[in-house]
2 protein chains.
Amino acid sequence: MTAAAHRPATLDDVARAAGVSRSTASRVIAGTGFASPDARERVVTAADQLGYVPNPAARALVRGGGVRLVVAAAATSAAVLDDPYVHRVVGSAARVCAPAGVGVALHWLPLGDPRGLDQLAADRSVCGVVLVNTTEALLDAVPRSLHGRVASIGIGSAEVPSFDVDNTAGAGAVLRHLYATGRRRIAMVTGPAWLPCSQRPVQAYRHLMRQAGLPERVVDGDFTAARGRAAAEEALRRWPDVDAIFAISDETAFGVIAGLRDGGVRVPGDVAVAGFDDIPLAGMTAPALTTASHPVGRIATAAATAVLAGRPAAPVTLFPSALVTRDSA
Amino acid sequence: MTAAAHRPATLDDVARAAGVSRSTASRVIAGTGFASPDARERVVTAADQLGYVPNPAARALVRGGGVRLVVAAAATSAAVLDDPYVHRVVGSAARVCAPAGVGVALHWLPLGDPRGLDQLAADRSVCGVVLVNTTEALLDAVPRSLHGRVASIGIGSAEVPSFDVDNTAGAGAVLRHLYATGRRRIAMVTGPAWLPCSQRPVQAYRHLMRQAGLPERVVDGDFTAARGRAAAEEALRRWPDVDAIFAISDETAFGVIAGLRDGGVRVPGDVAVAGFDDIPLAGMTAPALTTASHPVGRIATAAATAVLAGRPAAPVTLFPSALVTRDSA
DNA sequence: ATGAAAGCGCTAACAT
DNA sequence: ATGTTAGCGCTTTCAT
């Protein structure tokens, strides 16, 4: 139960203390194979008396299992390593992996050069990979040897299961809400053009606008608040009659609101603004932000769990996006 | 350079391909010991021809190094495992550890029961521990065997080096700013009472107020925006003449602003509000939040680096807190 | 049901 | 300078 031995106990210590062979001790500790009730009892007792904790590294070595799950984030720059969203994925993964004795590592995959994946595949200490900001090129670059132990938060492929929020439906709900509340000249601030999963809402937007006979007004964004601010100015300049702006991230939406304010435009009086994600602060600002909530933690957890399990997951797992109507739209 | 072998190459493969012994190959790969220029050349060539990547788990096993750095967060509930701040620490740590082949794990240490630390100490796959939300009790519970490979983000002890922002100076700067801009009835919303590092700003507050002959007005907080909102109402009720509120986290500050707004109080006209942390959104809201910026990423990076290095670090490393004056105060 | 023995991939004395 | 040898802590046939 206790015993903070200076030198951590090994399985050998346990076996010796229990008066059995290492093999027997291993069987009962790992819960595999047979052992007499008597032996089992003695091993368990010895183990927690010595404060024994199995060494996952040694275990992984012999089983060929690996001790690290790596979160590989594609991006144009290494700044992605400081991204809050990525950190949230890493945190969730770390939480899921800890009980299994698996640690999480964070790698940057330069956009044009997905060779980093080969390294990861060749590293026997890597038990699996969770892709973030996945692109088609990245998917194509996934080595065969990673099949079955890789997952994508974002788009997927035949070999790489996808875990993602239902962006299309989510964007649709936001847009429909804007329409239902009387907005007819709706602009959209997008995510980075190279990021497929951020294009989906754009497609939904274009589709819906066309269908409703409304003008399509898209300005490029990059998820940041600063860009949102600039995007608002641009929107105001190009389309003075704009009455709603849908930003593809809450950060951007807050930037848009700031930009609108700079331009003397009232929100939601003159222009409604909606975000996407529902970050914790979304409900605290003035005006409180209308947005769609996304279970990022659950998505990351599911992806990491699937990779950890090592068996092929469903090709696509979609998580619901839920409209949250507050004051800004 | 390439070669996505189906079975990842081992050191043996490299040695064989290079026509040398495993030891020689090991020496040149690990960069330790001697090797003739010729041998070195051949090993290097063979290695990258085979796409060889060393197995950190095997390496750790023989060197007794460990393959996981664990971030251990003390808290009253497991909810801490989802905390954005903790995730930020984990993310930063993961980034630092990745090149060393070390993964990061996230553990919750229940407040009253720090025995989890013994487990971590007994786990030979754990190369070190970074404590978050450190308390005195936690510090006392750090097993001797962890000494030299543990660090705290927060308070430290003789055995556990501390990496923290200079809370006292930071709070002082904020408070002085409030005073300099004419505020005289300043209230403070604290962090959780059990968290030592959140008490430091409170002490600074009390000290400064006393020194200036100003009343001390403290209301308990817990870092959340919801609590900030309630705290604002409470402050308004207890001290109708309050003219400034200093919240110990930006989230809380936004809650305070919301609460003030609920009460029909203008910010900063009637009451100035200052936060603490400078989260990304702090500059985007209306009013933009006056706060103090804290290099959380750098702190986490320093702590993880120290643990990874394994040699005793300076007892206390203080990071500067920088006042950021915006609109709210 | 249990033990003996081999080996996962690597490093580090110790020889040579 | 290089190879030989012995493990690191564990699981897993294979005998018994």
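Chain naming here is simple, since letters A, B, ... match the order of the sequence lines and numbering starts at 1 in each.
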DNA chain D: 5'-most and 3'-most nucleotides touching chain B, 4.0 angstrom heavy-atom criterion:
dA1(D) to dG9(D)
Ignoring hydrogens and angles, tell me if any N or O in the side chain of S198(A) forms a donor-acceptor pair with the backbone of P192(A) under 3.5 Å.
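Here the side-chain-to-backbone pair exists.
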For residues S21(B) and T24(B), is any side-chain donor paired with an opposing acceptor at under 3.5 Å?
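There is such a pair between these side chains.
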Judged by modelled atom types alone, do D38(A) and S36(A) share a side-chain donor-acceptor pair under 3.5 Å?
no
Using the test side-chain contact (heavy atoms from CB on, under 4.5 Å), find all partners of A25(B) that sit at least two apart in sequence or belong to another chain.
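Partners of A25(B) by the side-chain contact (heavy atoms from CB on, under 4.5 Å) criterion, ordered by chain and then number, come out as L11(B), A15(B), V20(B), V43(B).
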Go through the structure and list residues passing side-chain contact (heavy atoms from CB on, under 4.5 Å) with S92(A), not counting sequence neighbours.
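side-chain contact (heavy atoms from CB on, under 4.5 Å) check on S92(A) returns A300(A), T301(A), H87(B).
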Heavy-atom contacts under 4.0 Å between residues 21-29 of chain B and DNA chain D, which residues?
S21(B), R22(B), S23(B), T24(B), R27(B)
Could you list the residues that satisfy salt bridge (Lys or Arg N to Asp or Glu O under 4.0 Å) with [X], not counting sequence neighbours?
X: D12(A); answer: R22(A)
X: R40(B); answer: none
X: D83(A); answer: none

Any idea which heavy atoms bring [X] and [Y] closest together, and the distance?
X: V89(B); Y: V71(B); value: CG1-CG1, 4.2 Å
X: I153(B); Y: Y85(B); value: CG2-OH, 3.5 Å
X: V86(A); Y: A73(A); value: CG2-CB, 4.3 Å
X: A75(A); Y: W194(A); value: CA-CH2, 3.9 Å

The criterion is side chain to side chain donor-acceptor pair (under 3.5 Å); which residues satisfy it with S152(A), sequence neighbours excluded?
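Listed in chain order: T134(A).
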Just jot down the ring pair (Phe, Tyr, Trp, His ring centres under 6.0 Å) partners of H294(A), sequence neighbours excluded, or say none.
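With sequence neighbours excluded, H294(A) shows a ring pair (Phe, Tyr, Trp, His ring centres under 6.0 Å) to F276(A), given in chain and number order.
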Quick check on the helix from dA1(C)-dT16(D) to dT16(C)-dA1(D): what's the angle between its two end axes, five base pairs per end, to the nearest 10°?
40°
Which two nucleotides bound the region of DNA chain C that has atoms under 4.0 Å from heavy atoms of chain A, read 5' to 3'?
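It runs dA1(C) to dG9(C).
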Where along residues 53-62 of chain A does a heavy atom come under 4.0 Å from DNA chain C, residue by residue in number order?
L61(A), V62(A)
What is the distance from atom CG of D13(B) to atom CZ of R7(B), rounded to the nearest 0.5 Å?
4.5 Å
